[in-house]
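Step one of this worksheet: look at the structure below.
Order of the sequence lines fixes the chain letters, A, B, ..., with proteins taken first and strands second; residue numbering starts at 1 for each chain. On a predicted model such as this, the values are computed, not experimentally measured, just so you know. The basis for the numbers below is simple: all heavy atoms, side chains too, and nothing from hydrogens, waters or symmetry mates.
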Amino acid sequence: MSLNNPTPVITRFAPSPTGSLHLGNARTALFSHLWARKTGGKFILRIEDTDAERSQARFRDQLMADMRWLGLDWDEGPDVGGPSAPYSQAERGEFYWGLFAQLTVRDFAYPCYCTAEDLELSRKLQRTSGKPPRYAGTCRGLTTAQRAERDGRGLKPTLRFAVPGDLTIEFTDAVHGPQRFSSNDIGDFIIRREDGTPAFFFCNAVDDSAMGVTQVLRGDDHLTNTPRQIMLLEALGMRCPAYGHVGLLVGEDGAPLSKRHGSASAHEFRERGFLSAAVLNHLFRLGHAGDVDGWLSAADMPAHFRPEHLGRAPARFEESQLMHWQKESLERMSAAEIRAWLAADDSMQFIELVRHNVVLPADAIPWRAVVQGELAPLGTEEQRVVAAAGPEFFAAAALAYEQSNADLKALTAILKERTGRKGADLFMPLRVALTGQVHGPELASLLKLMSPDTARRRLQLHAQNP
RNA sequence: GCUCCCUUCGUCUAGAGGCCUAGGACACGGCCCUCUCAAGGCCGGUACAUGGGUUCGAAUCCCAUAGGGAGCGCCA
């Protein structure tokens with residue numbers, strides 16, 4: 001730690017509360033969090049709720065709950081406060097107004113009276129004539145008198161940023177390396193909506209700067225938007241953070257991760273019973289190569305995070321890999337922790353017995369039925385095993401059970417002598433009769449956990465001719 | 001259409017001119033262990049998108065091509 005003393009990096013996660021925590025966002029949040037923790041910096045949570053229509057308090061609360069579940073705690077944010085409060089954009093109006101005024105006074109911004117329909121039409125026209133659909137600059141040259149006239153008619157303008165011409169914007173992306181854009185390819189964009197609320201490009205950039213964020217990490221889809229934000233910040237004389245754009249997260253079919261792929265939000269995985277450690281370990285390796293292959297605890301992750309190994313290519317989310325980390329995480333839990341995770345009032349013996357046969361909570365249900373309930377109808381393979389053993393075998397088994405005091409070792413010894421069977425031929429029919437399944441935990445312990453009545457009944461069931 | 005990004009095993013990735021007949025992990029197949037599954041051990045197959053350069057030598061550099069993706073929104 002003391003050998004290489006990294007400069008503390010201040011990162012942030014800036015979700016809009018319009019849905020639950022998307023896995024792709026959870027991953028950039030994780031990377032941002034790890035980067036801050038690795039360098040002893042800060043991790044900030046900012047809620048981008050300028051879209052009043054779609055933003056909801058319940059989404060914000062769930063977002064924060066799911067982040068905490070993942071262990072992505074923040075040093076500054078809406079509920080914990082901090083030097084740059086408030087951390088909800090809906091509450092930062094005054095800050096933005098001042099900036100709008102500054103830009104306007106210095107001719108970096110101008111009111112635009114074009115209607116949404118005008119713009120839609122203009123874009124369509126440009127597209128059909130093979131041109132980039134950019135704002136034509138209609139209102140840029142309006143005189144003061146013309147503006148006054150429109151204001152007089154009660155028109156509500158938006159505010160546009162006047163993009164300077166012939167400017168080359170260069171920056172070094174933390175994951176893509178050097179980037180270079182021409183301002184001539186960028187149209188004047190809206191920074192304040194008709195209703196007076198700030199638009200994303202604006203408040204996002206300005207808040208990152210004002211909150212002291214030094215490293216912005218976000219999805220690849222923002223790469224070409226970055227020059228706008230840099231121009232904006234430069235016009236305002238504000239400090240520019242460094243930007244890094246990670247490849248997107250895609251589903252198993254290569255398309256952007258969505259509900260179609262089963263689960264797309266952290267919350268859904270949580271509800272299905274995945275452990276946060278499993279989700280974390282999986283996300284850690286998606287579009288990122290740490291310096292170890294094995295399972296990492298949340299506490300160990302920052303030390304193994306390598307920002308220089310963040311990926312550019314889209315990463316595919318495969319559930320089979322998540323399953324692996326789920327098993328690994330389970331292996332590292334105590335029986336008591338697993339019991340709490342299953343939340344079903346199981347006995348500790350039961351937990352110890354079935355823990356290696358359970359990956360998701362639902363996997364415990366059949367074993368609970370084996371120990372104290374009714375068996376499901378036999379599958380084809382199970383029926384085959386029962387048929388192959390024959391009723392005499394089970395009659396003998398039922399008898400042996402009475403003489404063995406629920407001890408499998410004693411039971412099989414007797415049975416072995418009487419039937420001449422051994423190995424799988426001996427054990428499998430017993431396993432199937434007793435548990436209804438061809439696979440499962442140690443049979444001897446399973447047998448001890450069931451009531452004598454149950455065991456007796458299950459063995460006798462197959463002692464009759466079919 | 002314009003601008004930009006991406007492309008190594010099925011998947012996640014290592015690789016920054018010779019250490020690469022391309023390494024690891026997951027998944028898959030086989031064997032061992034074992035009443036079965038899981039775990040564990042051993043073994044195995046499969047990848048540098050294509051085509052041109054540059055070089056004694058290229059997965060690594062350059063140029064094209066192909067295929068994927070993003071942005072160009074009063075969504076973020």
Side-chain angles (χ1 to χ4, degrees), chain A residues 14-16 18 25 48-51 53-55 112 114-116 119-120 123 126-135 156-160 173 175-176 179-182 184-187 189-201 203-204 218-228 245 247-248 250 252 254-256 282 284-294 309 311-325 327-328 330-331 354-359 385 408 412 422-432 435 437-444:
Chain A
S16 62
T18 56
N25 288 339
E48 307 223 326
D49 50 358
T50 58
D51 184 347
E53 290 276 300
R54 299 199 300 145
S55 296
C112 170
C114 299
T115 65
L119 298 168
E120 185 66 36
R123 271 196 294 272
Q126 293 179 85
R127 235 183 257 276
T128 49
S129 64
K131 294 191 159 187
R134 279 203 287 270
Y135 180 62
K156 290 260 182 272
T158 60
L159 194 66
R160 281 185 191 271
D173 189 279
V175 353
H176 289 273
Q179 302 292 314
R180 181 196 189 88
F181 295 88
S182 165
N184 294 332
D185 294 326
I186 300 170
F189 53 93
I190 290 177
I191 57 178
R192 188 187 65 203
R193 303 187 191 105
E194 187 183 318
D195 64 4
T197 58
F200 167 79
F201 288 134
C203 50
N204 178 264
R218 43 161 52 160
D220 243 354
D221 47 343
H222 287 299
L223 185 57
T224 50
N225 290 332
T226 307
R228 289 160 214 273
H245 295 87
L248 296 176
V250 297
E252 294 185 28
H282 187 36
F284 182 77
R285 291 163 177 86
L286 243 35
H288 168 248
D291 57 8
V292 287
D293 273 332
H309 275 79
R312 298 153 291 282
R316 211 168 281 234
F317 184 94
E318 270 208 355
E319 208 166 284
S320 65
Q321 312 220 9
L322 211 213
M323 287 294 185
H324 172 254
W325 298 116
K327 288 180 196 163
E328 291 275 314
L330 243 15
E331 285 305 316
V354 306
R355 59 176 296 167
H356 300 298
N357 288 270
V358 170
V359 179
V385 170
L408 189 70
T412 51
K422 56 180 183 172
D425 286 343
L426 180 65
F427 282 88
M428 279 309 266
L430 288 174
R431 171 174 288 283
V432 171
T435 72
Q437 289 179 67
V438 88
H439 303 308
E442 197 194 349
L443 190 54

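Counting only heavy atoms from C-beta on, A:Ala116 has its side chain closest to B:C74 among B:G15, B:C72, B:C74. Proximity note for A:Glu194 (side chain, C-beta onward) versus B:C74, B:A25, B:U11: the nearest is B:C74. Looking at the side chain of A:His176, the nearest of the listed nucleotides B:G73, B:C5, B:C2 is B:C5. Listed nucleotides: B:G1, B:C4, B:C12. Nearest to the side chain of A:Phe181: B:C4. Checking B:C74, B:C5, B:G10 against every side-chain atom of A:Glu318, the shortest atom distance belongs to B:G10.
Contacts of A:His282 with the nucleic acid, taken as non-hydrogen atoms under 4.0 Å apart, are absent. As judged by a 4.0 angstrom heavy-atom cut-off over every strand, A:Arg228 is placed among residues touching the sugar-phosphate backbone only. Within the nucleic acid shown, A:Gln321 comes within 4.0 Å of at least one base atom, counting heavy atoms only. Residue A:Asp221 is classed as a sugar-phosphate contact, given heavy-atom separations below 4.0 Å to backbone atoms only. A:Ser16 comes within 4.0 angstrom of sugar-phosphate atoms only, judged by non-hydrogen atoms across all strands, and of no base. Among the heavy atoms of the strands lying under 4.0 Å from A:Arg431 is at least one base atom, whether or not backbone atoms are also near. Contact annotation for A:Arg192: no contact, since no heavy-atom pair falls under 4.0 Å across all strands.
To the nearest whole angstrom, the two C1' atoms, one in B:C63 and one in B:A58, are 15 Å apart. Rounded to the nearest Å, the gap between the P atom of B:U65 and that of B:A27 is 41 Å.
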Query raised in the report: How far apart are the C-alpha atoms of A:Asn204 and A:Arg218, what are their side-chain angles, what is the distance that settles it, and do they pass the side-chain hydrogen bond (donor to acceptor under 3.5 Å, both in side chains) test?
Result: CA-CA 12 Å; A:Asn204 178 264; A:Arg218 43 161 52 160; 3.2 Å; yes

Requested in this report: Starting from the C-alpha separation in whole Å, work towards a yes-or-no answer on side-chain contact (heavy atoms from CB on, under 4.5 Å) for A:His245 and A:Thr226.
Outcome: CA-CA 10 Å; A:His245 295 87; A:Thr226 307; 3.0 Å; yes

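Phosphate contact (OP1/OP2 of B:C26, side-chain N/O of A:His324, threshold under 4.0 Å): present. Remark: A:His245 is not in phosphate contact with B:C6, judged by side-chain N or O atoms under 4.0 Å from OP1 or OP2. In terms of phosphate contacts, A:Thr18 brings no side-chain nitrogen or oxygen within less than 4.0 Å of OP1 or OP2 of B:C75.
In this structure, B:G71 and B:C2 make a Watson-Crick or G-U wobble pair, each of the two defining distances being under 3.5 angstrom.
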